Amino acid sequence: MADGTFYLTTPIYYVNAEPHIGHAYTTIMADMVARHRRQRGDDVFFLTGTDEHGDKIARSAAEAGRSPRQHADALSERFRELGATLGASNDFFIRTTDAPHERAVAEVLARLHDSGDVYRDAYGGWYCTACEAFYREEELGQGRSCPVHGTPAEWLEEENWFFRLSAYRDRLIALYDAEPQFVRPEGRANEARRMIEDGLEDLSISRVNVDWGVPVPWDTDQTVYVWFDALLNYYSALRYARDGEDLVARFWPPDLQLMAKDILKFHAVIWPAMLMAAGLPLPRGLFVHGYVLKGGERMSKTTGNVVDPFPFIERFGIDALRYYLVREISFGEDGTFTAEGFEARYTNELANELGNLLNRTVSMIDRYRAAAVPAPPADSALAAELVDRTEAVVGAFDRVELTRAVEEAWVLVRRLNRLVEERAPWSLARDPARALELDSALGELAEGVRAAALLLWPVMPGSCERILRALGQPDDDVALHRARWGAGAAGARVDRSGPLFPRVEVPA
RNA sequence: GGCGGCGUAGCUCAGUUGGUUAGAGCAGCGGAAUCAUAAUCCGCGUGUCGCAGGUUCGAGUCCUGCCGCCGCUACCA
């Protein structure tokens, strides 16, 4: 970031089920950050992908009657397609089954083994195959059942390789002391800190009975624990995403890593410890967001309480979904997805406020000035206001307050609708003596809408490019500095190309 | 049990380090306007800021207790 590069990641998605809106949410939010940083001229690398190893994948593959590889291929492709549908501008899509990733995992693990951070020990415990996790006796339910699945846990004893996580306790606490912004929001940092202070146990990072995984290089009877494997994707991707170029030097460490709150511990405790052990610089910041709730409850693959994003995308368009998610759910908090709320925001905000603003602007310029966009007046009060809006948006993005960023941009949209009423161009148009005033009013309006499109571009890229085209502006340069007052192309002609967000009939 | 969070207008929520008459959006009511996707703009809030105490010149904002709701405690964004 300081050097003008920006490395941004989403978690990699586990391919044991079809993607749902929770995955879409994280990818969309990350994409907004990525696009915003590019608007600012940063050299951005935006990574997402899929997590494909583990016994659970092998089992669901078997149920589906195919090999783990076939299963992973099929589902990984679904996640890749989801990203494309969402308009995700990721620079690479990593799969943990990529051979270069597996080599990187083996290398890092070997390094930790050599340095003494990985050791062999016996481990016994109650194991749930569905969870791929061991439980302590007191955690089990009646009949020694898995607290999550309710199915009986089995007693397993095996020799595993352990990561000396406990040895990093003091260094982790020092990290949280020194970098209060390492994990945001603040409450999540406190949670993570508490996990560290409450005592860390060494972590078993290999499995004997799991075949579908990366073999432990010096003990090929064992495979690497999926989380150890998965976390390293953030590092390994930079080593092979571009043929012939090692991106590690250019982008490492990550500037921002996004995730939902369920995987806080892996990212805020285990991951930095792994990097310390490997001698790699730590990420500059993690941001932990909340859940997209349905009916006030958590969506879950297990219970089937999920929202399918595709019908909404088909009816309202991807930009409407992107807008709704970032606006409705205060980023960092949980929020509830409802069809009613979606439709209300689409109609009130996208169609009526923004879409209609563009439409009335273009329409008046077409009607009163034969489609020629007048130059914006240099003395407009909007010029200063635009500086304020832009700074507010940039500041919000810097703090990863994405909901706030859209709200700040939206203040301009509302200001512009008010401006139309204040100037009343239709009234000026009736008096030929006020032609200059009319030019000024229409130029001011067009310039304001153009700037609003640039501020909102990370949220709704396609729609904002359409706004620019409708105003006769090039749509291929959306750099943020072009949101300056008067930076638009001169001599533009408006193009009436129909409603930006057409009203959608809502069946009763 | 442990740890953490939440409870502010009918609804969804903002409210930096405590400081004057507690805000926004939506919904509702009234009005203006007619460029526009009948889309916009203006006006209208007697809210015990969950309850009870405490600290303070002053608390929605800090402390204690209580009530209610929720999350995490190694499946899943």
Side-chain angles (χ1 to χ4, degrees), chain A residues 10-14 16-17 19-30 51 54 56 128-136 138-139 146-149 187-188 190-191 193-195 197-198 201 203-204 225-227 258-266 269-270 288-292 296 298-303 306 327-330 333-336 338 341 344-345 347-368 403-404 407 410-411 414 416-429 441-442 445 498-504:
Chain A
T10 73
I12 47 176
Y13 306 117
Y14 203 47
N16 68 329
H20 61 65
I21 203 159
H23 305 103
Y25 180 66
T26 307
T27 298
I28 288 171
M29 297 303 125
D51 178 12
K56 189 153 48 171
C128 170
T129 47
C131 295
E132 293 179 26
F134 285 97
Y135 288 97
R136 292 189 301 275
E138 62 270 22
E139 290 177 312
C146 166
V148 176
H149 294 86
R188 298 296 169 199
N190 293 338
E191 271 184 39
R193 197 200 167 88
R194 181 71 60 182
M195 293 175 196
E197 288 171 348
D198 283 354
E201 290 179 24
L203 183 72
S204 164
Y225 173 50
V226 284
W227 266 106
L258 257 44
M259 73 215 63
K261 60 190 185 181
D262 55 312
I263 52 178
L264 174 67
K265 184 169 183 179
F266 296 104
V269 180
I270 296 171
V288 184
H289 68 249
Y291 293 134
V292 181
R298 179 174 182 183
M299 287 185 225
S300 159
K301 291 172 188 172
T302 313
T303 63
V306 294
R327 186 71 187 262
E328 181 72 28
I329 302 165
S330 185
E333 311 275 313
D334 289 354
T336 302
T338 65
R345 287 203 186 271
T347 302
N348 297 335
E349 295 168 14
L350 293 180
N352 295 354
E353 292 190 295
L354 179 58
N356 188 52
L357 170 66
L358 174 68
N359 200 32
R360 68 203 304 212
T361 299
V362 165
S363 168
M364 287 189 284
I365 291 170
D366 183 49
R367 181 194 287 223
Y368 302 137
T403 303
R404 178 63 67 93
E407 286 170 352
W410 212 259
V411 171
R414 294 203 158 122
L416 290 166
N417 269 320
R418 216 178 316 131
L419 188 76
V420 177
E421 305 297 326
E422 289 169 8
R423 297 285 186 266
W426 50 90
S427 178
L428 298 174
L442 295 177
L445 238 189
L500 188 62
F501 297 102
R503 284 182 156 275
V504 171

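In this text the structure is predicted, and so the values were computed from the model without any measurement. Below, chain A is the first sequence line, B the second, and so on; all start at residue 1. Because only heavy atoms are used, hydrogens play no part in the values below, and waters and symmetry mates are left out as well, while side chains stay in.
- Whole-Å rounding puts the A:E407 CD to B:G15 C1' distance at 13 Å.
- Within the 4.5 Å cutoff, side-chain heavy atoms of A:K261 are placed close to those of A:D334.
- A:L203 comes within 4.0 angstrom of a nucleotide base, judged by non-hydrogen atoms across all strands.
- Note: A:Y13 and A:H23 have perpendicular aromatic rings, judged against thresholds of 30 and 60 degrees for the angle between ring planes.
- Residue A:Y225 has its side chain nearest to B:A74 when only B:C76, B:U34, B:A74 are considered.
- Spacing of C1' atoms, B:U21 relative to B:C62, comes out at 24 Å, to the nearest Å.
- Between A:W410 and A:R327 there is a side-chain heavy-atom pair separated by less than 4.5 Å.
- If you take atom P in B:A39 and the same atom in B:G45, they sit 26 Å apart, rounded to whole Å.
- When rounded to the nearest whole Å, the span between CD of A:E333 and C1' of B:G71 equals 12 Å.
- The closest side-chain heavy-atom distance from A:E328 to A:T403 is not below 4.5 Å.
- When the C1' atom is used for both B:A24 and B:C44, the distance is 16 Å, rounded to whole Å.
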Per-residue pairing states of RNA chain B in dot-bracket (Watson-Crick or G-U under 3.5 Å; . unpaired, | other strand) read (((((((..((((.....[...)))).(((((.......))))).....(((((..]....))))))))))))....
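- Using a 4.5 Å cut-off on side-chain heavy atoms (C-beta onward), A:L445 and A:L357 make contact.
- Here B:A77 presents its C1' atom at 7 Å from CG of A:D262, a figure rounded to the nearest Å.
- Between A:G355 and A:L500, the closest heavy-atom pair is CA-CB, 4.1 Å.
- Note on A:P11: only backbone sugar-phosphate atoms sit closer than 4.0 angstrom, heavy atoms only; bases stay farther off.
- Residues A:R188 and A:E191 are paired through a salt bridge, judged by an N-O separation under 4.0 Å between the basic side chain and the carboxylate.
- Residues A:N417 and A:R360 form a side-chain contact, since some pair of their non-hydrogen atoms from C-beta on lies under 4.5 Å apart.
- Taking 4.5 Å as the limit, every side-chain heavy atom of A:M259 sits out of range of all side-chain heavy atoms of A:T26.
- Annotation: of the two residues near RNA chain B, A:Y368 and A:W227, the 5′-most nearest-nucleotide partner is A:Y368.
- Taking the side chain as every heavy atom from C-beta outward, A:W426 and A:Y368 approach each other to under 4.5 Å.
- Atom CD1 of A:I329 is separated from atom C1' of B:A14 by 17 Å (rounded to the nearest Å).
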Reading nucleotides 36-44 of chain B from 5' to 3' and marking B where a protein heavy atom lies under 4.0 Å of the base, S where only the sugar-phosphate is that close, and - otherwise, the string is BB-BBSS--
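- Taking atom C1' in both B:C76 and B:U16, one finds a spacing of 36 Å when rounded to whole Å.
- If you take atom C1' in B:G4 and the same atom in B:U40, they sit 46 Å apart, rounded to whole Å.
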Short heteroatom pairs, N/O only, protein and nucleotides 4-12 of chain B, under 3.5 Å:
{"unit_1": "B:G4", "atom_1": "OP1", "unit_2": "A:R194", "atom_2": "NH2", "d": "3.1"}

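- Separating the C1' atom of B:A27 from that of B:C63 is a span of 39 Å, rounded to the nearest Å.
- Spacing of C1' atoms, B:G25 relative to B:U34, comes out at 26 Å, to the nearest Å.
- To the nearest whole angstrom, the two C1' atoms, one in B:G68 and one in B:C51, are 10 Å apart.
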